[in-house]
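Hydrogens, waters and symmetry mates play no part in the numbers below; they use all other heavy atoms, side chains included. Naming: A, B, ... by sequence-line order, numbering from 1 per chain.
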Amino acid sequence: MTGRWGGRLTQRPLPDDDPLIDALAPHARKRLADIWHSRAAMERRVGDAFEVIRDALVRRRASPELIALAERAVDDEMRHTELSCIVASRYAGKELPPPPRLMLEVPKHEGASPELRDTLFVIGQCVLNETTASAFLETCYELAEGALAKAALRELLSDEIEHGRLGWVYLASLDELTRAAVAPWLLPMAYLNLRMWKSESPIDPTHTEALTHHGSPPAKVLHAALVDALATLVVPGLRQLGMPTAGIEAWLDAGAFTDRPPKEFLALQAPSADTTASTG
Amino acid sequence: MASKLFRAVVSMGLSLGAATAACLGAVENPPSNGADADADAATEPVDDSGSALSDAELDAGDLDAFVFPDTSWCDAAWPVTKGNAPPPECVNPEGECAEAGMSPCFRTPPPGVGPHEARVCMFYERRFPFCIDGEWRCEPGRSSREDCTCLKEEAKNVCDGGNR
């Protein structure tokens with residue numbers, strides 16, 4: 001199973017015209033071209049990340065369907081790269097070169113066994129990163145007005161939903177002992193994920209409404225959406241699996257700060273006696 | 001807003017995962033940090049000092065014995081797929097690199113040192129080099145890809161210093 005939409009770049013054709021782009025000031029067009037071109041590079045890097053995820057699933061002998069989904073995700077991210085580059089080029093008013101290939105740094109998860117590390121890879125990339133990406137994209141989509149940006153964001157969102165789902169399928173298919181072993185890692189991983197998101201979407205005092213209308217809302221709005229995603233998507237999902245969430249919830253209640261590690265909440269994230277009693 | 005996403009991403013994923021486990025059995029249990037992993041122990045050295053949670057701890061539910069590797073707070077996160085980060089205005093104010101596309105300048109760690117270790121848990125920006133004579137370059141004094149740090153703060157200093 002490779003490639004979606006019969007080899008086409010998108011499910012639906014992108015609009016040929018977007019009067020809102022034509023109406024943009026040159027400076028705003030330049031900014032949007034930069035942002036979308038930067039996103040193209042980031043999508044390419046996530047394609048590399050999904051190759052790591054696919055290999056981890058193979059090692060963990062996950063179902064062939066799940067491995068095929070990860071394989072397709074690699075292709076999805078390549079399409080996202082091209083799609084984002086096309087959008088950037090439309091804002092730039094000329095064809096931009098392919099984005100540079102960014103370096104991928106894979107989490108180390110020191111102290112975890114190789115097997116647990118594989119599992120943490122899938123959880124970090126799919127349960128956390130792609131699930132929060134869905135919320136990021138949904139926010140961008142809801143606030144966008146430009147026809148091209150909306151069309152592109154809709155395409156990206158539909159794929160990200162499946163990438164996030166992949167992680168939840170995998171997590172739900174794990175036995176309880178493994179889920180208990182995963183539990184204490186969740187808080188550091190959620191913290192690092194949110195910190196990464198905030199770093200890539202910094203507060204920009206020069207932000208304008210025009211950027212919002214073309215898929216780039218203010219950082220404060222995005223940060224709130226990401227925190228909300230942790231609270232309303234990730235935490236309830238973990239709870240449904242009986243996994244401890246007290247540490248993550250305490251950190252979220254404390255404002256989901258990312259300027260320092262929320263170590264004080266780690267003890268809350270340990271598997272409860274109830275959970276551990278049912279393991280093994 | 002979130003409930004629609006919850007159904008699409010989380011609920012459906014959990015249902016499919018539960019069905020998979022019911023039909024095919026749970027995904028092979030990864031032994032927790034080497035415990036009960038005799039086969040792996042023969043080939044994979046395990047650092048017990050970094051153990052997150054041993055099976056014994058799980059069985060006992062002994063939260064006092066809960067030890068977690070401190071390095072986890074400094075680990076890398078999977079890179080996100082989206083962002084809004086604009087380059088500093090001072091980097092390319094005249095749009096001289098409009099034809100050059102996005103900057104190719106990124107920090108490369110020294111051999112054997114991961115970029116995360118190199119920055120010791122501190123953030124730095126990796127994609128803000130300088131446009132000089134229509135080409136993307138590292139900051140003055142650093143020419144090779146390996147030397148190019150592209151620190152945002154350094155970029156600002158150089159710009160402020162008029163050395164762009």
Below 4.5 Å from any heavy atom of chain B, which atoms of [X] appear? Answer side chain, backbone, both or neither.
{"X": "L226(A)", "value": "neither"}
{"X": "L222(A)", "value": "side chain"}
{"X": "P262(A)", "value": "both"}
{"X": "L104(A)", "value": "side chain"}
{"X": "L211(A)", "value": "neither"}

Where do [X] and [Y] come nearest, in terms of heavy atoms and distance?
{"X": "F6(B)", "Y": "P236(A)", "value": "CE1-CB, 3.6 Å"}
{"X": "V80(B)", "Y": "N129(A)", "value": "CG1-OD1, 3.4 Å"}
{"X": "S72(B)", "Y": "P188(A)", "value": "O-CB, 4.0 Å"}
{"X": "A172(A)", "Y": "A18(B)", "value": "CB-N, 3.9 Å"}

Inter-residue atom distance L14(B).CG - L171(A).CG, 0.5 Å rounding: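 So the CG of L14(B) and the CG of L171(A) are separated by 7.5 Å.
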For the interface with chain B, which of [options] has the highest count of heavy-atom pairs at distances below 4.5 Å?
{"options": "Q240(A), M189(A), K263(A)", "answer": "K263(A)"}
{"options": "G215(A), S134(A), A133(A), C140(A)", "answer": "S134(A)"}
{"options": "S216(A), G164(A), A225(A), P218(A)", "answer": "S216(A)"}

E43(A), R45(A), E200(A), H80(A) screened by side chain to side chain contact (heavy atoms under 4.5 Å, CB included) with T81(B), the one that passes: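 Filter result, single survivor: E43(A).
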Sole residue of L192(A), I123(A), L128(A), V52(A) in side chain to side chain contact (heavy atoms under 4.5 Å, CB included) with W78(B): V52(A)
Carboxylate-amine/guanidinium contact E138(A) K4(B), below 4.0 Å: no
[X] side-chain N/O to [Y] backbone N/O, donor-acceptor pair under 3.5 Å:
{"X": "R39(A)", "Y": "G83(B)", "answer": "yes"}
{"X": "R165(A)", "Y": "V10(B)", "answer": "no"}
{"X": "D75(B)", "Y": "P107(A)", "answer": "no"}

Flag the pair [X] / [Y] as yes when at least one side-chain heavy-atom distance between them is below 4.5 Å, and no otherwise.
{"X": "L266(A)", "Y": "W73(B)", "answer": "yes"}
{"X": "E160(A)", "Y": "K82(B)", "answer": "yes"}
{"X": "L233(A)", "Y": "V9(B)", "answer": "no"}

Which of A77(B), P79(B), S15(B) touches chain A most, by non-hydrogen pairs under 4.5 Å: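 Heavy-atom pair counts peak at P79(B).
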